[in-house]
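To start, the structure itself, in structure tokens.
All values derive from a computational prediction rather than experimental measurement.
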Amino acid sequence: MRALILHSGNLYGGVETALVSLVRASRDPAKDLDLAVALCFDDGRVAGELRETGVTVHTLGAARLSRPWQTWQARSRLRRLLDAQRFDLCITLSTWTHAIFAPVVRGRDLPLVAWAHDRWTGTRWLDRLAMRVPPDLVVANSRYTADAMPTVLPGVPLR
């Protein structure tokens, strides 16, 4: 299976630590998993650590929702990447990445997984924006995160 993980790349904390750990674990030749990562901000610690693992890191360019032209450009780069390479699914790591890139993934008819690292409440504007394009599956990092998902994404399978 070939998966593309979509992430911002401008911060470094628990989500980024989990991402780097996942990529390291996936590099085991015995696993049938080929990961690639696409980052908007490619000059931070996470990009460097990901490259050290040997994973392919694609750059989508800076994207800020307050600057719509940047979002359009990053989406355009993702479209070109998805047209140029074959992926079996795409994974978003936050409501921010989901809000920006889920419409592009849906437009390419690829399965879409949201890896939730915090509750989607539906009260925050970013959550509401992300909820416009429901994923095919939500993978939650904890029971606390998982408990909120059926309310905001009814009918979406949850693991």
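Between Asp42 and Arg51 there is a salt bridge, with a side-chain nitrogen of the basic residue lying less than 4.0 Å from a carboxylate oxygen of the acidic one. Between Asp88 and Arg2 there is no salt bridge, since none of the side-chain N atoms of the basic residue sits less than 4.0 Å from a carboxylate O of the acidic one.
If you take OG on Ser8 and CZ on Arg64, they are separated by 10.5 Å, rounding to the nearest 0.5 Å. Atom CZ of Arg86 is separated from atom CG of Asp34 by 8.5 Å, given to the nearest 0.5 angstrom.
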Which pairs of donor and acceptor atoms, one on a side chain in residues 143-159, lie under 3.5 Å apart (sequence neighbours left out)?
{"from": "Thr145", "atom 1": "OG1", "to": "Asn141", "atom 2": "OD1", "distance (Å)": "2.7"}
{"from": "Thr145", "atom 1": "OG1", "to": "Ser142", "atom 2": "OG", "distance (Å)": "3.2"}

Only pairs under 3.5 Å count here: list side-chain donor-acceptor contacts from residues 95-102, not counting sequence neighbours, and write none if there are none.
{"from": "Thr97", "atom 1": "OG1", "to": "Ser94", "atom 2": "N", "distance (Å)": "3.3"}
{"from": "Thr97", "atom 1": "OG1", "to": "Ser94", "atom 2": "OG", "distance (Å)": "2.5"}
{"from": "His98", "atom 1": "ND1", "to": "Thr92", "atom 2": "OG1", "distance (Å)": "2.9"}
{"from": "His98", "atom 1": "NE2", "to": "Val133", "atom 2": "O", "distance (Å)": "2.7"}

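Under the 4.5 Å side-chain heavy-atom criterion for Ile, Leu, Val, Met, Phe, Trp and Tyr, Val104 and Leu126 are members of the same hydrophobic cluster. Val57 is not connected to Leu78 by any chain of hydrophobic side-chain contacts under 4.5 Å among Ile, Leu, Val, Met, Phe, Trp and Tyr, and they are in different clusters. Hydrophobic clustering keeps Phe87 apart from Ile91 (ILVMFWY residues linked when any side-chain heavy atoms are closer than 4.5 Å, directly or through intermediates). Clustering ILVMFWY residues whenever any of their side-chain heavy atoms sit less than 4.5 angstrom apart, transitively, puts Leu81 in the very cluster that holds Leu112. Clustering ILVMFWY residues whenever any of their side-chain heavy atoms sit less than 4.5 angstrom apart, transitively, puts Met131 in a cluster other than the one holding Leu129.
Pairs engaging residues 68-78 under the salt bridge (Lys or Arg N to Asp or Glu O under 4.0 Å) rule: none recorded [sequence neighbours left out]. Judged as a salt bridge (Lys or Arg N to Asp or Glu O under 4.0 Å), the pairs with a partner in residues 121-133 (not counting sequence neighbours) are, in order, Arg124-Asp127.
Judged purely by atom type and a 3.5 angstrom limit, Arg67 has no side-chain atom pairing as donor or acceptor with the backbone of Ala62. Side-chain atoms of Thr59 do not come within 3.5 Å of backbone N or O of Gly61 as any donor-acceptor pair. Not one N or O on the side chain of Glu16 forms a donor-acceptor pair closer than 3.5 Å with the backbone of Val46. In this structure, the side chain of Asn10 does not engage the main chain of Phe41 through any donor-acceptor pair within 3.5 Å.
Here the side chains of Leu39 and Leu50 are in contact, with some heavy-atom distance below 4.5 Å. Between Leu35 and Thr56 there is no side-chain heavy-atom pair separated by less than 4.5 Å. The closest side-chain heavy-atom distance from Val15 to Thr17 is not below 4.5 Å. When side chains are defined from C-beta on, Leu89 counts as touching Val113, because their heavy atoms get closer than 4.5 Å. With contacts defined as side-chain heavy-atom distances shorter than 4.5 Å, the pair Trp120/Val138 does not qualify. Residues Leu6 and Val37 fail the side-chain proximity criterion, which asks for heavy atoms closer than 4.5 Å.
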**Prompt:** Stepwise, does the salt bridge (Lys or Arg N to Asp or Glu O under 4.0 Å) test hold for Asp136 with Arg106?
**Reply:** CA-CA 10 Å; Asp136 296 300; Arg106 274 286 177 255; 3.1 Å; yes
**Request:** Check the pair Val20 / Leu22 against side chain to side chain contact (heavy atoms under 4.5 Å, CB included), numbers first and verdict last.
**Result:** CA-CA 5 Å; Val20 172; Leu22 172 68; over 6 Å; no
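The heavy-atom pair separating Thr123 from Thr121 by the smallest distance is OG1-OG1, 2.8 Å. A pairwise comparison of heavy atoms in Gly54 and Arg27 identifies O-NH2, 3.2 Å as the closest pair. Shortest non-hydrogen contact noted between Ala38 and Leu60 is CB-CD1, 3.7 Å.
In this structure, Trp72 shares a hydrophobic cluster with Trp69, the cluster being traced through Ile, Leu, Val, Met, Phe, Trp and Tyr side chains under 4.5 angstrom apart.
Residues meeting the side chain to side chain contact (heavy atoms under 4.5 Å, CB included) test with Leu110, sequence neighbours left out: Leu82, Cys90, Val105, Arg108.
Ser76 and Arg80 share a donor-acceptor pair across their side chains, judged by distance under 3.5 Å alone.
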